[in-house]
K.L.:
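Structure in structure tokens, see below.
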Amino acid sequence: MGNLRRIMLTVSYDGTAYKGWALQASTPNTIEGELNRAIERLTKETVQVIGASRTDAGVHAYGNVAVFDTASTIPGDRFVFALNHELPEDIRIVDSREVSLDFHPRHCNTEKTYEYRIVNTNIIHPTKRLYACHFGMPLDEKVMNEAGKYLVGEHDFTSFCNVESQAISHIRTIKDVHVTRQGDEVIISVTGNGFLYNMVRIIAGTLMQIGRGKGKPSDVADMLAKRDRQAAGPTAPANGLFLMEYRFLDGIN
């Protein structure tokens with residue numbers, strides 16, 4: 001065993017079977033818990049990963065990020081292969097590398113992109129049910145796209161945050177929102193520097209309401225101004241949400 005090192009993992013997972021990312025005393029069934037156990041089996045060390053984004057129960061990810069410290073001599077870029085032998089099939093490490101010991105994924109200049117996927121048909125195909133929200137009424141994705149533009153910029157997102165949020169500030173910066181249709185799927189993409197509890201799901205629920213004709217795009221500005229959770233739309237189901245990418249704007253050291 002050598003000196004202590006910090007390893008960064010890029011993690012992809014199907015969140016269907018898990019109670020979210022964060023470790024919970026009440027259940028071992030979390031992404032963080034599975035990562036801890038896999039690393040401990042591999043290195044024979046007790047570890048606690050530090051995650052970049054604490055996704056909710058049922059939410060999926062292509063590129064969440066976590067770091068952990070180890071005295072193992074396994075090269076940083078080999079953890080990707082070694083850990084995948086220890087993890088369940090619905091969690092995969094897609095990249096691993098050694099970073100500096102003071103690197104912390106939540107204390108960096110970053111931006112995240114989420115996608116919310118909606119199957120907009122009368123009946124959803126069973127193979128899509130775990131990875132998209134089913135919405136049977138017609139949606140106008142152009143109207144939804146127009147509505148989403150009112151969210152871009154720095155705002156107080158209290159209206160788009162779960163009332164149980166413990167965040168000190170509800171001010172966040174959204175850099176881009178766009179809504180597109182691909183066949184029978186409507187996809188909402190949101191990029192920002194940080195997100196509040198349930199924020200993207202509330203944005204999705206609100207845009208779906210407007211897309212079905214309940215309100216107009218400019219109503220979103222009024223929702224923001226009211227700073228009241230009841231002013232915005234419903235919280236969309238978790239299964240349609242994907243954390244697509246976590247970008248470190250100043251690089252990784």
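Position 1 is the first residue of the sequence; numbering continues from there.
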K.L.:
Are a donor atom and an acceptor atom from the side chains of Y13 and T55 found within less than 3.5 Å of each other?
P.N.:
yes
K.L.:
Any non-hydrogen side-chain atom of C133 less than 4.5 Å from a side-chain atom of M208?
P.N.:
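Contact flag for C133/M208 side chains = yes.
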K.L.:
Hey, what do you get for CG (L207) to CZ (R212), rounding to the nearest 0.5 Å?
P.N.:
14.0 Å
K.L.:
Partners of R172 by side chain to side chain donor-acceptor pair (under 3.5 Å), sequence neighbours excluded?
P.N.:
none
K.L.:
Using the ring of each side chain (for Trp, its six-membered ring), is H104 parallel, tilted or perpendicular to H107, with breaks at 30° and 60°?
P.N.:
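Judged by the thresholds at 30° and 60°, the geometry between H104 and H107 is parallel.
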K.L.:
Mind checking whether Y246 and Y62 have ring centres under 6.0 Å apart?
P.N.:
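Distance test on ring centres: not under 6.0 Å, no.
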K.L.:
In Å and rounded to the nearest 0.5 Å, what is the CG to CG distance from L249 to N193?
P.N.:
9.0 Å
K.L.:
Is a side-chain N or O of R247 found less than 3.5 angstrom from the main chain of G251, in a donor-acceptor match?
P.N.:
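Absent.
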K.L.:
Please check if the number of heavy atoms outside R6 that lie under 6.0 Å from its CZ is greater than 12.
P.N.:
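More than 12 within 6.0 Å, yes.
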K.L.:
Is it the case that the side chains of N29 and T27 hold a donor-acceptor pair, with the cut-off being a distance below 3.5 Å and no angle test?
P.N.:
no
K.L.:
As a quick check of understanding, evaluate salt bridge (charged side-chain N to carboxylate O under 4.0 Å, His left out) for D56 and R201, giving each step before the final call.
P.N.:
CA-CA 10 Å; D56 296 340; R201 290 167 58 190; 3.5 Å; yes
K.L.:
Roughly how far, to the nearest 0.5 Å, is CG of D228 from OG1 of T158?
P.N.:
9.0 Å
K.L.:
Under 4.5 Å between side-chain heavy atoms, counting indirect links through other Ile/Leu/Val/Met/Phe/Trp/Tyr residues: same cluster for L151 and L139 or not?
P.N.:
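Yes: a chain of side-chain contacts under 4.5 Å links L151 to L139.
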K.L.:
Distance-only, no hydrogens or angles: does the D140 side chain make a donor-acceptor pair with backbone N or O of G213 under 3.5 Å?
P.N.:
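Pair absent, no side-chain N/O of D140 close to backbone of G213.
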K.L.:
Side-chain donor-acceptor pair under 3.5 Å between R5 and T73, yes or no?
P.N.:
no
K.L.:
Would you name the heavy atoms of V11 and I91 that are closest together and state the gap between them?
P.N.:
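Minimum heavy-atom contact is CG1-CG2, 3.9 Å.
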K.L.:
Would you say the side chain of T235 lies within less than 4.5 Å of the side chain of N162, judging by non-hydrogen atoms?
P.N.:
no
K.L.:
Look at D184 together with K128 and state whether they make a salt bridge at an N to O cut-off of under 4.0 Å.
P.N.:
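Between K128 and D184 there is a salt bridge, with a charged N closer than 4.0 Å to a carboxylate O.
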K.L.:
Evaluate the ring pair (Phe, Tyr, Trp, His ring centres under 6.0 Å) criterion for residues H170 and F157: first the C-alpha distance (whole Å), next the side-chain angles of each, then the deciding distance (0.1 Å), finally the verdict.
P.N.:
CA-CA 5 Å; H170 288 170; F157 282 94; 9.8 Å; no
K.L.:
Nearest heavy-atom pair of A57 and A238: which atoms, and what distance?
P.N.:
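Distance-wise, the nearest heavy atoms are O-CB, 3.1 Å.
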K.L.:
Does the pair R117 and E185 meet the rule for a salt bridge (charged side-chain N to carboxylate O under 4.0 Å, His left out), with working shown?
P.N.:
CA-CA 7 Å; R117 301 177 183 178; E185 289 194 19; 5.4 Å; no
K.L.:
Quick check: do I50 and F68 have side-chain heavy atoms less than 4.5 Å from each other?
P.N.:
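No, every pair of side-chain atoms sits at 4.5 Å or beyond.
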K.L.:
Does the side chain of T206 reach to within under 4.5 Å of the side chain of K214, using non-hydrogen atoms?
P.N.:
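With C-beta onward as the side chain, the pair stays apart.
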K.L.:
When you measure from the side chain of S96 to the backbone of V80, do you find a donor-acceptor pair of N or O atoms at a distance under 3.5 Å?
P.N.:
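Side chain of S96 to backbone of V80, a donor-acceptor pair under 3.5 Å: yes, one is there.
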K.L.:
So does R54 pair up with E32, basic N to acidic O under 4.0 Å?
P.N.:
no
K.L.:
Are W21 and V200 joined in one hydrophobic group, where the rule is that I, L, V, M, F, W and Y side chains link up if heavy atoms are under 4.5 Å apart?
P.N.:
no
K.L.:
For residues I188 and E115, determine if any side-chain heavy atom of one lies less than 4.5 Å from a side-chain heavy atom of the other.
P.N.:
no
K.L.:
Can you see which heavy atom on G76 is nearest to which on I7, and at what distance?
P.N.:
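Taking every non-hydrogen atom into account, CA-CD1, 4.0 Å.
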K.L.:
So for atom NZ, which belongs to K175, do other residues, nucleotides or ligands contribute more than 12 heavy atoms lying within a distance under 6.0 Å?
P.N.:
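Yes, because the 6.0 Å sphere around NZ of K175 holds more than 12 heavy atoms from other groups.
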K.L.:
Between M223 and Y150, does a side chain to side chain contact (heavy atoms under 4.5 Å, CB included) hold up when you go through it step by step?
P.N.:
CA-CA 10 Å; M223 295 174 190; Y150 287 91; over 6 Å; no
K.L.:
Compute whether any side-chain donor of one residue and acceptor of the other, for E45 and T70, lie under 3.5 angstrom apart.
P.N.:
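A pair is found: one side chain offers a donor N or O, the other an acceptor, under 3.5 Å apart.
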K.L.:
Do the non-hydrogen side-chain atoms of Q48 and N36 ever get within less than 4.5 Å of each other?
P.N.:
yes
K.L.:
Please step through side chain to side chain contact (heavy atoms under 4.5 Å, CB included) for the pair D77 and R97, ending with a clear verdict.
P.N.:
CA-CA 5 Å; D77 63 353; R97 65 182 73 182; 5.9 Å; no
K.L.:
According to a hydrophobic-cluster definition based on side-chain heavy atoms being under 4.5 Å apart (Ile, Leu, Val, Met, Phe, Trp, Tyr only), do I252 and L101 belong together?
P.N.:
no
K.L.:
Is any side-chain heavy atom of L42 closer than 4.5 Å to one of I74?
P.N.:
yes
K.L.:
M199 and I174: which non-hydrogen atoms are nearest, and at how many Å?
P.N.:
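Result for this residue pair: CE-CD1, 3.6 Å.
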K.L.:
Got a second to check how far S189's OG is from Y116's OH, nearest 0.5 Å?
P.N.:
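Answer rounded to 0.5 Å: 14.5 Å.
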K.L.:
Does some side-chain heavy atom of L224 sit less than 4.5 Å from a side-chain heavy atom of D156?
P.N.:
no
K.L.:
Taking the basic N atoms (NZ, or NE/NH1/NH2) and the acidic carboxylate oxygens, is any pair closer than 4.0 Å for E86 and R41?
P.N.:
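Answer for the salt bridge query: yes.
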K.L.:
Is a side-chain donor or acceptor of R129 paired with a backbone partner of P126 at a separation under 3.5 angstrom?
P.N.:
yes
K.L.:
In Å and rounded to the nearest 0.5 Å, what is the CG to OG1 distance from L35 to T30?
P.N.:
8.5 Å
K.L.:
Charged N to carboxylate O below 4.0 Å: is that the case for R37 and E34?
P.N.:
yes
K.L.:
Would M137 and V186 show up in the same hydrophobic cluster when neighbours are defined by side-chain heavy atoms closer than 4.5 Å?
P.N.:
yes
K.L.:
Centroid separation under 6.0 Å, is that true for the rings of Y114 and F195?
P.N.:
yes
K.L.:
State yes or no: do L196 and V59 share one hydrophobic cluster built from I, L, V, M, F, W and Y residues joined by side-chain heavy-atom distances below 4.5 Å, directly or via other members?
P.N.:
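L196 clusters together with V59.
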K.L.:
Pairing donors with acceptors under 3.5 angstrom, does anything connect the side chains of N239 and Y131?
P.N.:
no
K.L.:
With side chain to side chain contact (heavy atoms under 4.5 Å, CB included) as the test, would you mind laying out the steps for V220 and K149 before giving the verdict?
P.N.:
CA-CA 9 Å; V220 173; K149 299 308 177 188; over 6 Å; no
K.L.:
For residues N64 and S53, report the shortest heavy-atom separation together with the two atoms involved.
P.N.:
ND2-O, 2.7 Å
K.L.:
With sequence neighbours left out, write down each residue that passes side chain to side chain donor-acceptor pair (under 3.5 Å) with D90, or none if nothing qualifies.
P.N.:
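Residues passing side chain to side chain donor-acceptor pair (under 3.5 Å) with D90: Y18.
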K.L.:
Considering non-hydrogen atoms only, spot the tightest contact between V152 and H155 and give its length.
P.N.:
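Minimum heavy-atom separation between V152 and H155: O-NE2, 3.0 Å.
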K.L.:
Could you grab the distance from atom CG of N198 to atom SG of C161, nearest 0.5 Å is fine?
P.N.:
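One gets 7.5 Å once the value is rounded to the nearest 0.5 Å.
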K.L.:
Under 3.5 Å, is there a donor-acceptor pair linking the side chains of T43 and S72?
P.N.:
no
K.L.:
Is a side-chain N or O of N145 found less than 3.5 angstrom from the main chain of E141, in a donor-acceptor match?
P.N.:
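Absent.
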K.L.:
Does K216 form a side chain to side chain contact (heavy atoms under 4.5 Å, CB included) with I210? I'd like the steps, not just the answer.
P.N.:
CA-CA 6 Å; K216 55 187 184 297; I210 293 171; 5.8 Å; no
